[in-house]
2 protein chains.
Amino acid sequence: MTKQKKIILEVVRSSNIHPTADWIYEQAKKELPDISLGTVYRNLKLLRDMGEILELNWGSTFSRYDGITENHYHFVCKKCGKIMDLHLRFNISHEAVEKAASINVESHRLEFYGACTSCDQD
Amino acid sequence: MTKQKKIILEVVRSSNIHPTADWIYEQAKKELPDISLGTVYRNLKLLRDMGEILELNWGSTFSRYDGITENHYHFVCKKCGKIMDLHLRFNISHEAVEKAASINVESHRLEFYGACTSCDQD
DNA sequence: GTAATTGCAAATAATTTGCTGGGTG
DNA sequence: CACCCAGCAAATTATTTGCAATTAC
């Protein structure tokens, strides 16, 4: 656990905007002015593999990161791109999928799309 | 509807492997040897905007395309990357999401991850 | 002390775009 | 004959990687 990795984890955990690698890099620079973007990418990948953060890479040309690792879903505003956490449960049965396709299901991801309240006014 | 666009749509529709842009390009070249990759990308985007095909861009560094446009879910094998269509229904209520977060939900996407039968044997 | 990790810069991968010319209505 | 679209190649975007120097344990 280098100081770079620690700062990167702190930045992701303390933000609720599901930041991009670039945003994380800018924030980390405030603490460690010499940190490089390559280090940010390397550590984000390590932290993701360690299960400390989530990488969100759906429906976009770039990844966003989430410091909340417990299972939850997301809402994405199609207009402004904002991502919101949804702590809701649905009855999504892995068994039903396994029966239908004879596969071994480990996890699932669910994402909702639409317009957020501030964008909906336009 | 140029002949290039028509061939690209045919290629996507006639395949069930959720092909990448590159694979589509290779197939299209068999019909139109001088077609360019830029044209493939341009037409895939046009066809997606027309609602003729789906672009699948989850959990990967590149997009895949699906000629089946009716709502359905997908299973992704974590080992071999194969994508399978799942024609199953779940009770996923947009109203529940809207109540929880006061947003306007238009659509959702659901994807399952695990190992397919052929990969599960390793 | 040694192995892992950094900063830097160059490389890569996927996709997009500018330009010019050809084909179509 | 006006214009949309193709082909080509260069540009862009996000991310990854090679390397020499530094740091962590």
Side-chain angles (χ1 to χ4, degrees), chain A residues 1-12 15 17-66 74 76 78 80-83 111, chain B residues 1-12 15 17-50 52-66 74 76 78 80-83:
Chain A
M1 181 65 71
T2 62
K3 61 176 183 292
Q4 286 85 348
K5 189 184 289 180
K6 190 185 295 202
I7 295 281
I8 288 166
L9 180 54
E10 263 170 38
V11 168
V12 176
S15 120
I17 61 160
H18 304 83
T20 62
D22 220 64
W23 190 90
I24 295 162
Y25 169 59
E26 291 302 328
Q27 301 304 307
K29 261 204 293 201
K30 293 179 183 169
E31 298 289 320
L32 300 170
D34 287 339
I35 199 171
S36 79
L37 190 53
T39 297
V40 171
Y41 273 106
R42 262 187 290 239
N43 279 309
L44 286 171
K45 193 171 276 203
L46 285 170
L47 290 165
R48 183 247 282 150
D49 292 343
M50 293 162 63
E52 296 290 330
I53 62 174
L54 294 180
E55 182 179 2
L56 311 175
N57 50 8
W58 298 2
S60 173
T61 57
F62 49 85
S63 286
R64 292 171 164 274
Y65 297 87
D66 193 337
H74 291 97
V76 182
K78 277 183 181 173
C80 67
K82 189 165 68 182
I83 298 183
E111 200 168 48
Chain B
M1 180 66 69
T2 63
K3 60 176 182 291
Q4 286 86 348
K5 189 184 290 181
K6 190 184 295 201
I7 295 282
I8 289 166
L9 181 54
E10 263 171 38
V11 168
V12 176
S15 122
I17 62 161
H18 304 84
T20 62
D22 221 64
W23 189 91
I24 296 162
Y25 170 58
E26 292 302 326
Q27 301 304 309
K29 262 205 293 201
K30 293 178 183 171
E31 299 288 322
L32 300 169
D34 287 340
I35 198 172
S36 78
L37 190 52
T39 297
V40 171
Y41 273 106
R42 257 187 291 241
N43 279 308
L44 286 172
K45 193 172 277 204
L46 285 170
L47 289 165
R48 181 249 280 152
D49 292 344
M50 292 162 64
E52 296 290 331
I53 62 174
L54 294 181
E55 182 180 2
L56 311 176
N57 50 8
W58 300 357
S60 175
T61 56
F62 49 83
S63 286
R64 292 170 164 273
Y65 297 87
D66 194 337
H74 292 96
V76 182
K78 276 184 180 172
C80 69
K82 190 166 67 184
I83 299 182

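Atom set for the values below is all heavy atoms of this structure, side chains included, hydrogens, waters and symmetry mates excluded. So you know, we letter chains A, B, ... as the sequences are listed, proteins then strands, and number each from 1.
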**Q.** Nearest-nucleotide pick for A/F62, side chain only, options being C/dT15, D/dG7, D/dT15
**A.** D/dT15
Q | Distance in angstrom units between A/D34 CG and D/dT23 P, rounded | A | 11 Å
Q) A/T2 side chain N/O closer than 4.0 Å to the phosphate oxygens (OP1, OP2) of C/dT6? A) yes
Q: Nearest whole angstrom, please: distance from the P of C/dT15 to the CG of B/D49.
A: 15 Å
Q) Taking atom CG of A/N43 and atom CD1 of A/I7, what is their separation to the nearest 0.5 Å? A) 11.0 Å
**Q.** Length of the CG-C1' vector between A/N43 and C/dA4, whole Å
**A.** 12 Å
Q) In Å, rounded to the nearest 0.5 Å, how long is the span from CD1 of B/I8 to CG of B/L46? A) 9.5 Å
Q.
Distance check needed: C/dG23 P versus B/L32 CG, whole Å only.
A. 13 Å
Q. How many angstroms lie between atom CZ of B/F62 and atom CG of B/N57, to the nearest 0.5 angstrom?
A. 11.5 Å
Q) Given atom CD of A/Q4 and atom P of C/dA4, what is their separation to the nearest angstrom? A) 17 Å
Q | B/H18/B/H74 under side-chain contact (heavy atoms from CB on, under 4.5 Å): CA gap, chis, key distance, verdict | A | CA-CA 10 Å; B/H18 304 84; B/H74 292 96; 3.7 Å; yes
Q.
What contact category does B/D22 fall into here, base, sugar-phosphate, or nothing, at under 4.0 angstrom with non-hydrogen atoms?
A. nothing
Q: Using a 4.0 Å heavy-atom cut-off across all strands, classify A/N57 as base, sugar-phosphate, or nothing.
A: nothing
Q: Give the rounded distance in Å between these two atoms: NZ of B/K29 and P of D/dA6.
A: 17 Å
**Q.** Comparing B/G38 and B/T61 on DNA chain D - which has the more 5′ nearest nucleotide
**A.** B/G38
Q) OP1 or OP2 of C/dT15 less than 4.0 angstrom from a side-chain nitrogen or oxygen of B/K45, does that happen here? A) no
**Q.** Where A/S36 and A/Y25 come nearest, the two heavy atoms and their spacing
**A.** C-CE1, 3.7 Å
Q. In whole angstroms, how far is the C1' atom of C/dA14 from the CZ atom of B/R64?
A. 14 Å
Q.
Starting the side chain at C-beta, find the nucleotide from D/dG7, D/dC19, D/dT15 nearest to A/R42.
A. D/dC19
Q | 5'-most by nearest nucleotide on DNA chain C - B/S63 or B/K3 | A | B/S63
Q: Specify the separation, in whole Å, of atom OH of B/Y41 and atom P of D/dA11.
A: 19 Å
Q) Of the candidate nucleotides D/dT16, D/dG7, C/dG7, which contains the atom at the shortest distance from the side chain of A/T39? A) C/dG7
